[in-house]
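Remarks on the structure that follows.
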2 protein chains.
Amino acid sequence: MQRMTRQREVIRDAFERLGQPLSVQEAFEAAQEDLPQIGVATVYRAINDMVDDGWLVPVDLPGESTRYERAGIGHHHHFQCNGCGRVFDFEGCPGDLGRLAPDGFEVDSHEIILYGRCARCVTDS
Amino acid sequence: MQRMTRQREVIRDAFERLGQPLSVQEAFEAAQEDLPQIGVATVYRAINDMVDDGWLVPVDLPGESTRYERAGIGHHHHFQCNGCGRVFDFEGCPGDLGRLAPDGFEVDSHEIILYGRCARCVTDS
DNA sequence: ATAGATGCAAAGGGTTTGCACTTGA
DNA sequence: TCAAGTGCAAACCCTTTGCATCTAT
């Protein structure tokens, strides 16, 4: 069974509070603000356990190390900001992508990633 | 200036012959068939030089190490086979993805990845 | 009390780099 | 000739693991 330690509490809070996909490094830095002595290995282990529990799901973007976000938010895709590098969710997606594949190929699923500038980076520039 | 060695020749040939995005490992294995004593470091260096020369471009897919393909084939996206893991190009893409982003966000570019089974894996199963 | 969690440091896996040797131009 | 390229092994970076210690339950 899973124990609720101070470490796991601050990690869980980081995901709940920030509400966006976080890398281990981002979660680690957020956790360090509340618990400076926390180690990275602890964050890796806690996050992997949360994925096994089904509380987090991995979010893989091209060329980036895996991020994680709260499970159960339904079909959606991701936006990555070219300014700050952060990742955001967005809903909606164009239907019928299957027809784009080459003849004879079967499409089961898809991924869409948008790149640009998030609202904050647009305002700041 | 760039010299044409036997090593770089077999690496270049692998990309021309196979005509699909190749990881360093895939290019290394293809090169080894013609030149068994070739080292991985050579393949890494040759590929990085070919990217610098503009002859190859990186192809990053979620959760995968970088692949590379011939530059200059125009706007396209990638299909990854869940059976054999290989990556294929496809043309066409749904217009106007920008409207999907959250309010206040600016979209500059996008990536679409389709997953499923390639023609060969569909036939084999 | 005791199994699970932690922190540290060592081990892994993939990529890059230093160096002495080889080779294309 | 001689600088670019090569192969090997060491160095790196990120992630995982082993282990002694700590701590929720």
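Scope of the values below: all heavy atoms of this structure, side chains included, with no hydrogens, waters or symmetry mates. Naming: A, B, ... by sequence-line order, numbering from 1 per chain.
- Within 4.0 Å of B:Gln25, counting heavy atoms only, lies no atom of the nucleic acid at all.
- Phosphate proximity of C:dG24 to B:Arg8: absent, as no side-chain N or O sits under 4.0 Å from OP1 or OP2.
- Neither side chain, A:Glu111 nor B:His77, offers a donor N or O lying under 3.5 Å from an acceptor on the other.
- A 6.0 Å sphere centred on CD of B:Glu9 holds more than 12 heavy atoms belonging to other residues, nucleotides or ligands.
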Task: Sugar-phosphate or base contact per nucleotide [nucleotides 16-25 of chain D; S, B, -; heavy atom under 4.0 Å] - done: BBB----BBS
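- Taking the nucleotide of DNA chain C with the nearest heavy atom to each of A:Val43 and B:Val24, the more 5' of the two is matched to A:Val43.
- Distances shown here put a side-chain N or O of B:Gln7 below 4.0 Å from the OP1 or OP2 atom of D:dG7.
- When rounded to the nearest whole Å, the span between CG of B:Leu35 and C1' of C:dT23 equals 13 Å.
- Residues from residues 49-71 of chain B placing a heavy atom under 4.0 Å of any atom in DNA chain D do not occur.
- One distance of note links SG of A:Cys81 with CZ of B:Phe105; it measures 7.5 Å at 0.5 Å rounding.
- One distance of note links CZ of A:Arg67 with CG of A:Leu22; it measures 8.5 Å at 0.5 Å rounding.
- Atom CD1 of A:Ile38 is separated from atom P of C:dT6 by 7 Å (rounded to the nearest Å).
- Ion pair B:Arg6/B:Asp34 not flagged as a salt bridge, since none of the NZ, NE, NH1 or NH2 atoms sits closer than 4.0 Å to an Asp/Glu carboxylate oxygen.
- A salt bridge is absent between A:Glu26 and A:Arg86; no separation between the charged side-chain nitrogens and carboxylate oxygens falls under 4.0 Å.
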Open item on the list: Under the criterion side-chain hydrogen bond (donor to acceptor under 3.5 Å, both in side chains), I'd like the reasoning laid out for B:Gln20 against B:His78: C-alpha separation, chi angles, the key distance, then a yes or no.
Closed with: CA-CA 10 Å; B:Gln20 63 186 194; B:His78 298 97; over 6 Å; no
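- Contact between A:Glu16 and A:Trp55 at its shortest, heavy atoms only, is OE2-CZ2, 3.5 Å.
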